[in-house]
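None of the values given here were measured: they were computed from a predicted structure.
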Amino acid sequence: MSVQKIKSEEVKPYEVEAEKKAQVSKMFNNISKTYDFLNHFLSLNIDKSWRRKAIAELQDIQPKRILDVATGTADLALEAYKQLSPQEIIGVDISVGMLEVGRKKITKKGLDKIIVLEEGDSEHLPFEDNSFDAVIVAFGVRNFANVEAGLKEMVRVLRPGGKCVVLEFSKPKVFPIKQVYNFYFSSILPGIGRLTSKDQKAYAYLYESVQAFPEGKDFENLLLKLGLTDTKCQPLTTGICSLYSACKPA
């Protein structure tokens, strides 16, 4: 089967029969203590600028209540507070290990009453319809067990007139960035990940999941299919990452 025919849902961290959701939770629990360091180190801190640009997309609507799906260690939620000073940010994630790290960061900044992290499943969000001004997610959609189901839930809880912002890895198309990227992500990064995180598969899975993810126009079309409008895709850092935004019709 060629890479192009593999669906995002079919790519799993481990070669076992367990469902993707359980495997992703296990993987992030395994790497939670080194996740922040590796993210910043392996991206040369560029990931911080990506998050800043993602949250800047919400400046026009000044959301008061924000949902951060697949919040991980809450970096995107913290950036949202820094830029927007909303009344409430709720972050959900299936990994208790990542949430534990995130809560420590939030407590250290004295933001426990504004940013609340909850264990939760992107495909079954425990919130009412139309209850958030903005829904955000960074590097989490490709980990959904069912991408369309997870996005559908995000649209459901977003209020009319609200905005959805998604950051996700993508594949550079330009020579020689494409070749360097593929070599680094497929050969170098998994080795570094194994040495530092002690999880043999986590960073190999990163490359495999990015290859299978529906990026660019394909992802925009999925957002349109689910009822969002004004979709936009902005490639960042020569296409290594893509910033998507879309609105829910008022």
Heavy-atom donor-acceptor pair, [X] side chain to [Y] backbone, under 3.5 Å:
X    : Y    : value
Q23  : Y14  : yes
S131 : F127 : no
S25  : A22  : no
Q62  : Q59  : yes

[X] side chain near [Y] side chain, heavy-atom distance below 4.5 Å:
X    : Y    : result
N130 : P160 : yes
L67  : E153 : no
K113 : E88  : no
M98  : N29  : no
L84  : P63  : yes
M27  : N30  : no
I106 : L78  : yes
K225 : N221 : no

Greater than 12 external heavy atoms within 6.0 Å of [X]'s [atom1]:
X    : atom1 : result
K173 : NZ    : yes
E128 : CD    : no
Y81  : OH    : no

Could you tell me which non-hydrogen atom of [X] sits nearest to which non-hydrogen atom of [Y], and how far apart they are?
X    : Y    : answer
A77  : I89  : O-CD1, 3.3 Å
D133 : R159 : OD1-NE, 2.6 Å
S122 : V69  : CB-CG1, 3.8 Å
C241 : S170 : C-OG, 3.3 Å
A134 : I61  : CB-CD1, 4.4 Å
L158 : C164 : CD2-N, 4.0 Å

*So is K171 actually on top of Y181's ring, under 6.0 Å and inside 45° of the axis?*
no

*Aromatic F132 / basic R65 pairing, under 6.0 angstrom, 45° off normal*: yes

*Would you please test K12 and E19 for salt bridge (Lys or Arg N to Asp or Glu O under 4.0 Å) and show each step?*
CA-CA 8 Å; K12 302 176 182 178; E19 65 173 12; over 6 Å; no

For the residue pair [X] and [Y], confirm or rule out a side-chain donor-acceptor distance under 3.5 Å.
X    : Y    : answer
T71  : D93  : no
N146 : K21  : no
S245 : K163 : no
Q83  : E79  : yes

Applying the 4.5 Å side-chain criterion to the ILVMFWY set and letting contacts propagate, would [X] and [Y] be lumped into a single cluster?
X    : Y    : result
F185 : I46  : yes
V96  : Y35  : no
V135 : L224 : no
L99  : V116 : no
V101 : I94  : no

Answer yes or no: is there an ion pair linking [X] with [Y], defined by an N-O contact shorter than 4.0 Å?
X    : Y    : result
K104 : E100 : yes
E220 : K232 : no
E123 : K152 : no

_Stepwise side chain to side chain contact (heavy atoms under 4.5 Å, CB included) test for I66 and I136_ = CA-CA 7 Å; I66 300 173; I136 57 179; 3.8 Å; yes

Hey, what do you get for [atom1] ([X]) to [atom2] ([Y]), rounding to the nearest 0.5 Å?
X    : Y    : atom1 : atom2 : result
I188 : Y207 : CD1   : OH    : 13.0 Å
W50  : N45  : CH2   : CG    : 11.0 Å
E118 : L125 : CD    : CG    : 10.0 Å
L151 : L228 : CG    : CG    : 8.5 Å
L222 : L226 : CG    : CG    : 5.0 Å
T238 : I177 : OG1   : CD1   : 4.5 Å

*Go through the steps for V137 and M154 under the test side chain to side chain contact (heavy atoms under 4.5 Å, CB included), then give the verdict.*
CA-CA 10 Å; V137 54; M154 290 166 57; 3.7 Å; yes

*asked:* Between K201 and E208, is the salt bridge (Lys or Arg N to Asp or Glu O under 4.0 Å) condition met? List the steps.
replied: CA-CA 10 Å; K201 280 293 293 178; E208 294 162 3; 3.6 Å; yes

_side chain to side chain contact (heavy atoms under 4.5 Å, CB included) evaluation trace for I114 with Q87_ = CA-CA 6 Å; I114 297 174; Q87 295 173 356; over 6 Å; no

_Looking only at the aromatic ring of each residue, does the gap between the centers of F219 and Y244 stay below 6.0 angstrom?_
yes

*Apply salt bridge (Lys or Arg N to Asp or Glu O under 4.0 Å) to R142 and E168, showing your working.*
CA-CA 8 Å; R142 74 180 190 287; E168 193 52 86; 2.6 Å; yes

*Could you walk me through whether F213 and F169 pass the side chain to side chain contact (heavy atoms under 4.5 Å, CB included) test, one step at a time?*
CA-CA 9 Å; F213 188 72; F169 286 113; over 6 Å; no

_Qualifying residue for salt bridge (charged side-chain N to carboxylate O under 4.0 Å, His left out) with D75, from R52, K48, K105_ = K105

